[in-house]
Amino acid sequence: MRVLVIEDHVRMAELIERGLRRESYAVDVARTAERGVRLASANDYDALVLDLILPDADGFEVLRRVRASGQRTPVLVLTARDAVDDRVRGLDAGADDYLTKPFAFPEFLARIRALVRREPVPHPPILSLGDLTLDPARREVRRGTSPIELTPKEFALLHLFMRNPGIVLSRDRLIEHAWDVAYQGESNVVDVYIRYLREKIDRPFGRRSLETVRGLGYRLRNDAPDPA
């Protein structure tokens, strides 16, 4: 088994490398983001260990670049950042597991073993409706060649619509998908986010693809540009 460790702290990198080698892993170490991305792109690894605080780039950027290159290597984020927001951001960016420092080395090894036992994750297909495309793996949305920035909730809603083109989706269905089945917040939250989506995927491009079906919900359909 071959593991790439991207860690700029010399002593920590040496401890991880030594411990993994004792367990018969082949180990490569990168102490900068740039070298880490280069190694991850050029070699096949069974797992990648990534620190989020690096001298030349944020670890989230490394994750984004590794996933954008098509690499599906399991990633264990290993960092002193223990805030919930950081953990969520790391997992959303493409990490498979998250372990905060300080940590017990037996637990670290157990997490590495769990990662390398997993079956390779298939790359989910890119969804398209007319010139609107959504890439679930890279979390990218485009209208033609124009990129569209969406929040996580907006992305989740659009993902559901694009998996069900032309089908009317109720507010309850949308809430269960993007929020939670036990959501008890404002009842108009879906209407608010539908408006946000229209402002991003339709109006700048002269489209009306996201329709209101009175009394039932909403649906996404293919729509040609409005005439000039």
Side-chain angles (χ1 to χ4, degrees), residues 60-61 63-75 77 84-98 118-226:
F60 295 122
E61 175 64 12
L63 262 177
R64 187 193 67 77
R65 291 171 62 186
V66 167
R67 292 305 185 222
S69 71
Q71 290 286 342
R72 308 307 300 159
T73 306
V75 176
V77 168
V84 171
D85 286 348
D86 284 324
R87 295 200 297 273
V88 170
R89 187 181 172 195
L91 293 169
D92 282 347
D96 298 272
D97 201 358
Y98 201 109
R118 294 180 184 176
E119 293 293 324
V121 179
H123 194 294
I126 294 175
L127 304 175
S128 62
L129 186 64
D131 64 350
L132 183 65
T133 60
L134 181 148
D135 186 334
R138 298 182 180 179
R139 301 190 70 80
E140 293 177 350
V141 175
R142 292 180 179 273
R143 174 74 82 176
T145 59
S146 301
I148 300 173
E149 294 293 328
L150 298 181
T151 66
K153 285 284 189 293
E154 293 165 355
F155 187 93
L157 287 172
L158 183 60
H159 190 198
L160 182 61
F161 278 119
M162 294 193 69
R163 284 167 46 202
N164 298 275
I167 296 174
V168 178
L169 301 177
S170 69
R171 288 174 176 81
D172 287 345
R173 172 87 182 277
L174 295 169
I175 284 175
E176 288 174 10
H177 179 77
W179 282 269
D180 187 274
V181 68
Y183 176 77
Q184 297 293 325
E186 296 292 330
S187 60
N188 69 339
V189 66
V190 170
D191 306 314
V192 171
Y193 274 87
I194 292 294
R195 186 170 71 248
Y196 293 161
L197 267 180
R198 285 172 172 155
E199 292 293 338
K200 293 183 178 182
I201 69 171
D202 278 349
R203 290 204 172 93
F205 306 96
R207 309 299 178 88
R208 296 195 182 107
S209 63
L210 195 47
E211 293 183 325
T212 301
V213 181
R214 193 172 298 277
L216 296 176
Y218 299 94
R219 69 178 165 211
L220 184 71
R221 64 182 180 86
N222 188 12
D223 185 48
D226 286 344

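Here, residue 1 is the first one in the sequence, and each next residue gets the next number.
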message: Pair R173, N164 - check side chain to side chain contact (heavy atoms under 4.5 Å, CB included), show working.
response: CA-CA 12 Å; R173 172 87 182 277; N164 298 275; 3.9 Å; yes
task: Run the numbers on V75 and R67 for side chain to side chain contact (heavy atoms under 4.5 Å, CB included), then give the verdict.
output: CA-CA 10 Å; V75 176; R67 292 305 185 222; 3.5 Å; yes
query: Angle class for the Y196/Y193 ring planes (parallel below 30°, perpendicular above 60°, tilted otherwise)?
result: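 Geometry flag for Y193 against Y196: perpendicular rings.
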message: Please determine whether a side-chain nitrogen of the Lys or Arg among D191 and R198 lies less than 4.0 Å from a carboxylate oxygen of the Asp or Glu.
response: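 No, D191 and R198 are not salt-bridged.
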Could you pull out the closest heavy-atom pair between [X] and [Y], with the gap in Å?
{"X": "L129", "Y": "M162", "answer": "N-CE, 3.7 Å"}
{"X": "V168", "Y": "G217", "answer": "CG1-N, 4.1 Å"}
{"X": "K200", "Y": "E154", "answer": "NZ-OE1, 2.7 Å"}
{"X": "R142", "Y": "G144", "answer": "CB-O, 3.6 Å"}

field: Side chain D131, main chain R143, donor-acceptor under 3.5 Å
entry: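 Looks like no, no N/O pair under 3.5 Å.
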Result of checking I201, L169, D202 against L220 for side-chain contact (heavy atoms from CB on, under 4.5 Å):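 That would be I201.
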field: Gap between atom CZ of R221 and atom CZ of R207 - 0.5 Å precision
entry: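 Reported to 0.5 Å precision, the distance equals 11.0 Å.
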- request: Check the pair D96 / T73 against side chain to side chain contact (heavy atoms under 4.5 Å, CB included), numbers first and verdict last.
  value: CA-CA 9 Å; D96 298 272; T73 306; over 6 Å; no
task: Could you walk me through whether Y218 and L197 pass the side chain to side chain contact (heavy atoms under 4.5 Å, CB included) test, one step at a time?
output: CA-CA 12 Å; Y218 299 94; L197 267 180; over 6 Å; no
